[in-house]
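Notes to accompany the following structure.
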Amino acid sequence: MHPIRTINDMMADGGRYASTIAMRGLGTMMALDVAVPLVAYYLARLVHIGMTASLFIATIAAGVRMVWLIRKNGELDGFSVFMLVVFAGGLGLSLVTGDPRFMLAKGAAATIAGGLVMIGSAVVKHPITFMVGKRLAGKDARARGELERGWAQCRNFRIGFYVMSCVWGVGLILESILRLWLIYTVNLDVAVASTTGITVVTFLILVAWQIWFVQRSRTLARRAGYLTNDNVLRVDAPEAATAEAAFLE
């Protein structure tokens, strides 16, 4: 079987599950998860609080948001834990002294650690991206049930979440490597501005890619006859494609 057709069949197979969860809230949700600790950090720096103390404040802010989400959703939230790890890692690294460039480099190192956590989550029971899906489902029992059913019944559905977690992890690591290169090759003022811009652009690209990946999977599922035009699973849907078996051969 042609590789592209095989991948499309696998995406279609996975796209028929949890197809009613809206993706429009993904950008806002992740923006808040990122913005809360970042705003806390830069506000602290604005009033001339030291870097270590500012990172501590940002870590506390990330922790407060995580606790708030646990109270709101009644369960541990993976992406907020991820942001907590990133800022806690930066706090730990801030205890190591160094020149201004090294201070910037420590932030990139913390992001690399976060990328490794994202990739590592793909080898545990549920990757971080699956937890993000549960957050998007909110308290909708039907949508959450579809997520759990898809995870239990469809290997291609699980592969989709593994792929998303790995793409996020690799993207964050590559972004951090680029930031490290800039930190040690350009003017320090340029490095500060450019590394911040690179981080924002990277998150925008990764969020846009994830939305595209999910929407593409649903489009392929509709074309394969698994879903109606309203993204509802058809009662007369055909049997799942055998793409997975072909892919694994």
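Both backbone and side-chain heavy atoms feed into the values below; hydrogens, waters and symmetry mates do not. Residue indices begin at 1 and follow the sequence shown.
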Report yes if some heavy atom in the side chain of F213 is under 4.5 Å from a heavy atom in the side chain of Q210; otherwise report no.
no

Please examine the side chains of I57 and L43, heavy atoms only from C-beta on, and report whether any two atoms are closer than 4.5 Å.
no

Separation between CZ (F157) and CZ (R16), nearest 0.5 Å, reads 10.5 Å

Do any pairs count as a salt bridge (Lys or Arg N to Asp or Glu O under 4.0 Å) and have a residue in residues 164-184, sequence neighbours left out, and if so which ones?
E175-R179

Minimum-distance pair of heavy atoms, taken over all atoms of Y162 and A122
CE2-O, 3.1 Å

With distance as the sole criterion, is a donor-acceptor pair present between the side chains of R216 and T219 under 3.5 Å?
no

Do W151 and R158 make a side-chain contact, defined as non-hydrogen atoms from C-beta onward lying under 4.5 Å apart?
yes

Gap between atom OG1 of T202 and atom CG of L178 - 0.5 Å precision
7.5 Å

CG on L180 to CD1 on I112, rounded to 0.5 Å:
5.0 Å

Minimum heavy-atom separation for L147 and F130, please, with both atom names.
O-CE1, 3.8 Å

Under a single-linkage definition using a 4.5 Å side-chain heavy-atom cutoff for Ile, Leu, Val, Met, Phe, Trp and Tyr, are I211 and V201 assigned to the same hydrophobic cluster?
no

Hey, quick one: are Y17 and L220 part of the same hydrophobic cluster, counting side-chain heavy atoms closer than 4.5 Å, chains of contacts allowed?
yes

How close do P127 and F161 get, heavy atom to heavy atom, and via which atoms?
CG-CB, 3.8 Å

Could you measure the distance from the CG atom of L204 to the OG1 atom of T199? Nearest 0.5 Å is fine.
11.0 Å

Kindly compute the distance separating CH2 (W181) from CD1 (I177), expressed to the nearest 0.5 Å.
13.0 Å

Nearest heavy-atom approach of T129 to W168 is CG2-CD1, 4.5 Å

Salt bridge between R144 and E148, side-chain N to carboxylate O under 4.0 Å?
no

Linked, directly or transitively: I198 and V186 (ILVMFWY side chains, under 4.5 Å):
yes

Path from W212 to I7 over hydrophobic side-chain contacts below 4.5 Å
yes

Rounded to the nearest 0.5 Å, how far apart are CE of M118 and SG of C166?
10.0 Å

So does G15 get a backbone contact from the side chain of R218, meaning a donor-acceptor N/O pair under 3.5 Å?
no

Which pair of non-hydrogen atoms, one from A12 and one from A221, has the smallest distance, and what is that distance?
O-CB, 3.4 Å

Side-chain donor/acceptor of T111 to backbone N/O of L172, under 3.5 Å:
no

Following the transitive rule for hydrophobic clusters with a side-chain heavy-atom cut-off under 4.5 Å over Ile, Leu, Val, Met, Phe, Trp and Tyr, establish whether V214 and V207 coincide in one cluster.
yes

